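Here the structure is laid out as structure tokens; the discussion comes afterwards.
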Amino acid sequence: MEHTPAPYEPRSVYGYALYISSNMLFLLFLVWAIIPDQILYELGLTYWPSKYWAIAIPIWALTALAIFAFIIYPAINLSMTPDINDITTITDKYSCPKKETIPGGIPPVYDIPITKVCRKLYLSKKM
């Protein structure tokens, strides 16, 4: 079978089942978190976790997400970034050096050398 993100029958069935089951679990969570314990006991539902977990688990999950988003993910990106004096910050395997062109023709796309960029940006015009 070809790997494609387009929908096909088994994927749509699994997706629908996941959609229904996640909604049912969320509804069950809301019933457990909102309805008082006395009403649940009257319905014959005697074993439920403490209501503390109805607040603690979402808060812990959001705290973990915030720590990942604001600390861990930027730290991973910074650890993968080369040093400022590393040659790969200037050129890499995808760099396009300037090639000779036909006079009067359209020049090809190329990377401007860092020395030329620095001269243009930072040297005064009086020189």
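Just so you know, these numbers come straight off a predicted model, no measurement behind them.
- Take Phe29 and apply the ring-ring contact (aromatic ring centres under 6.0 Å, His included) test, not counting sequence neighbours, and it matches Trp32.
- Here the CZ-CG distance, from Phe70 to Leu65, works out to 8.5 Å after rounding to the nearest 0.5 Å.
- With contacts defined as side-chain heavy-atom distances shorter than 4.5 Å, the pair Val117/Lys120 does not qualify.
- A 4.5 Å side-chain heavy-atom check between Trp53 and Trp60 finds at least one atom pair inside the cut-off.
- Across all non-hydrogen atoms, the minimal contact from Lys51 to Asp37 is CE-OD1, 3.1 Å.
- Scored by the side-chain hydrogen bond (donor to acceptor under 3.5 Å, both in side chains) test, Asp86 finds Thr88 as partners (sequence neighbours excluded).
- Remark: Lys116 NZ to Ile114 CD1 distance equals 13.0 Å, nearest 0.5 Å.
- Crowding of Leu43 atom CG: a count of heavy atoms from other residues, nucleotides or ligands under 6.0 Å exceeding 12.
- The structure places OH of Tyr94 at 13.5 Å from CG of Asp111, a figure rounded to the nearest 0.5 Å.
- Residue Ile106 places its CD1 atom among 12 or fewer non-hydrogen atoms of other residues, nucleotides or ligands, all under 6.0 Å distant.
- Between Ile39 atom CD1 and Leu45 atom CG the span is 11.5 Å, to the nearest 0.5 Å.
- The hydrophobic cluster containing Tyr19 does not contain Phe26, counting ILVMFWY residues as joined when their side-chain heavy atoms lie under 4.5 angstrom apart, directly or transitively.
- Legend: residues meeting side-chain hydrogen bond (donor to acceptor under 3.5 Å, both in side chains) with Thr81, ordered by chain and number and at least two apart, are absent.
- Between the CG atom of Asn23 and the CG atom of Leu28 there is a distance of 12.5 Å, given to the nearest 0.5 Å.
- Within 6.0 Å of CG in Leu62 there are more than 12 heavy atoms belonging to other residues, nucleotides or ligands.
- Note that CG of Leu18 and OG of Ser22 are 5.5 Å apart. Values are rounded to the nearest 0.5 Å.
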